[in-house]
Amino acid sequence: MRRRTLLAGAIVSAMSTTALTGGIARAADPGPSVTRTGTTTLDSQAVFFVSYDGLVNNNSFQKNGLLTYKGYQYAVWYTADKNAVVGRRVLGGSTWSTVQVGHTLKTSDSHNVISMGVSKVDGRLHLNMDSHSDGFTYVKSVAGLMDNPSGLSWTATRFGAPQSTLDGLALTSQFTYPQFVSTPDGKLQLSYRVGISGNGRNALAEYDGSTWTNLGEWSASTGTYTSEHGSSTARNMYLHGIDYDKNGRLHSFFTWREQNGAVMCSSGGITNHDTGYVYSDDRGRTWRNNAGTVVGTTGGSDKVAVTDSGLVIDALNPDHSLMNQESQSTDSSGLPHAIISYVPGRFGQCTTNYVSDRTANGRAFHVRKNSSGTWQKTEIPVVLGSSQRTKLILDKYDNAYAIFPFGRIAGASKASGYTDWTVLFDGSDLNAFGEVVIDEMRVAQSNVLSFMYQEKSSGTTPSALHVVDFALPA
């Protein structure tokens, strides 16, 4: 395969007025706004410990830690005694009903998150939890539970016993980052990583209502990447997400994480580099670059690799503490958007401490493809003040919202070409620890922003876990 090349005319600055002509909203469409409508408490004493600068109940790469389906909202977390819990409430209600699903968190590792998915074909809720480069625990509900929530009691008997496989399908002994995604035809897919950080591959499994099938790996860890400092021959692709748009296209932004620290200017940095993009029009069986060229086949010998051309949409070397697994979304036209963050070059060309440099000088950027097919990038004028991740959503008018660590919210209008970013909610009264978990389904279904956050604590003292709701423009 050929060495990767930056897309021709890749990302243009949002300051270029000629690039802003595509996709301008009608003047009558409202701009971004948030109106806080309420806060509920999931658990007054949820488990609290900090590892990898994050919390196990609020790692933003969970998909989904919070979701809405057919008039009810669902949340998952670990209690103070480390029991895995799933709760639900009627939308707009203040009371959550909870069920323990028979699993206890095995180690104090913030990567051991709980992720949920819904298989629309049979109305089941699926949970995958407690997995960081080793085995996983899987639990699923009885059929129809999600289709008839008011008619079926919310009890432990509605869930099967915890499993170490997907109904007998063993995937890998090094499993991490479960992300469930519902397919347009009602099936459920599970995205996951095989292997470890710096040497892993992305893979997919699929549930058709009766059976799980392992579709296989689709990204490669092999190939040589060379920076101005040195070379690396192993890596993994970190996904910003995996999402179907309204037309059935599957999108994924990503960054590469190199195994060999020789590619960095300083050992205190992080080996993440470049923002890439691929998509699939056949339910994740084959993957294409921005130009539409097939660059990988799931389960096949040709996988998406660092040496493939046409993958990179924003080039950045490993010297700027680029974050992995940030956030992505698609707008009403099916165009992809993402949030990325790193320390811009104006603060220096070599970060020497990943956490402190990002906290002091990190900035988030909104990356999107416009209707003419051009990639654009806009810096969001908010100091991160954190090493952690920012989430992205789009409302029904395609206005963009960035939900920063500590629950701060900024917004930009489609009408401006996403150049008018401004803070809409400062989050100061939340006392939130850091990253938040977004209910992506509720935004899509009812134009309401819900996110789950945990209050700051110290050591291993449990703290309160909440869901806060904001109405978006009507």
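Below, each value reflects all heavy atoms present in this structure, side chains not excepted, and no hydrogens, waters or symmetry copies. Keep in mind the model is a prediction, meaning the values are calculated, not measured.
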Task: Partners passing ring-ring contact (aromatic ring centres under 6.0 Å, His included) against Trp218 (at least two apart in sequence or in another chain) - done: Trp287

Task: Side-chain donor-acceptor pair present, Arg442, Ser450, cut-off under 3.5 Å - done: yes

Task: Residues Thr352 and Ser266: side-chain donor-acceptor under 3.5 angstrom - done: no

TODO: May I ask you to decide if Asn199's main-chain N or O and Ser221's side chain share a donor-acceptor pair within less than 3.5 Å?
DONE: no

- [ ] For Ser333, enumerate each residue passing the side-chain hydrogen bond (donor to acceptor under 3.5 Å, both in side chains) test, keeping only those at least two apart in sequence or located in another chain.
- [x] none

Open item on the list: If you take the centroid of each ring, where Trp contributes its six-membered ring, are Tyr238 and Trp256 closer together than 6.0 Å?
Closed with: no

Open item on the list: Show me the pairs that pass disulfide bond (SG atoms under 2.5 Å apart) and involve residues 254-288, at least two apart or across chains.
Closed with: Cys265-Cys350

Open item on the list: If you take the centroid of each ring, where Trp contributes its six-membered ring, are His273 and Tyr225 closer together than 6.0 Å?
Closed with: yes

Open item on the list: What I want to check is whether the side chains of Tyr342 and Glu326 have a donor and an acceptor closer together than 3.5 Å.
Closed with: no

- [ ] Taking the side chain as every heavy atom from C-beta outward, state whether Lys187 and Ser119 have any pair of such atoms under 4.5 Å apart.
- [x] no

Open item on the list: Filter on disulfide bond (SG atoms under 2.5 Å apart), then keep only pairs touching residues 356-434, sequence neighbours left out; what's left?
Closed with: none

TODO: Taking the six-membered ring for Trp and the single ring otherwise, decide whether the centroids of Tyr418 and His337 are under 6.0 Å apart.
DONE: yes

- [ ] Would you confirm whether the ring centroid of Phe48 sits within less than 6.0 angstrom of the ring centroid of Phe433?
- [x] yes

Open item on the list: With heavy-atom distances below 4.5 Å as the criterion, would you say the side chains of Val306 and Met237 are in contact?
Closed with: no

- [ ] Please check if any side-chain donor atom of Thr351 sits under 3.5 Å from a side-chain acceptor atom of Ser321, or the reverse.
- [x] yes

Task: Near-ring test Phe365/Trp375, centroid separation under 6.0 angstrom - done: no

- [ ] Taking the side chain as every heavy atom from C-beta outward, state whether Val437 and Phe451 have any atom pair closer than 4.5 Å.
- [x] no

- [ ] Measure up the Tyr207 and His126 rings against each other and bin them: parallel (under 30°), tilted (30 to 60°), perpendicular (over 60°).
- [x] perpendicular

Task: All pairs passing disulfide bond (SG atoms under 2.5 Å apart) where residues 362-451 contributes a residue, at least two apart - done: none

Task: Student check: side-chain heavy atoms of Val467 and Leu42 closer than 4.5 Å - done: yes

TODO: Give a yes-or-no answer on whether the side chains of Asn447 and Asp395 include a donor-acceptor pair shorter than 3.5 Å.
DONE: no

Task: Residues which pass side-chain contact (heavy atoms from CB on, under 4.5 Å) with Gln349, listed by chain and number, not counting sequence neighbours - done: His320

Task: Aromatic plane relationship, Tyr177 with His132 - under 30° parallel, 30 to 60° tilted, over 60° perpendicular - done: tilted

Open item on the list: Under the side chain to side chain contact (heavy atoms under 4.5 Å, CB included) test against Ser232, which residue among Val263, Thr226, Thr271, Thr224 passes?
Closed with: Val263

Task: Ring centers of Phe425, Phe470 separated by less than 6.0 Å - done: yes

- [ ] Take the angle between the ring planes of Tyr279 and His251 and call it parallel below 30°, perpendicular above 60°, tilted in between.
- [x] tilted

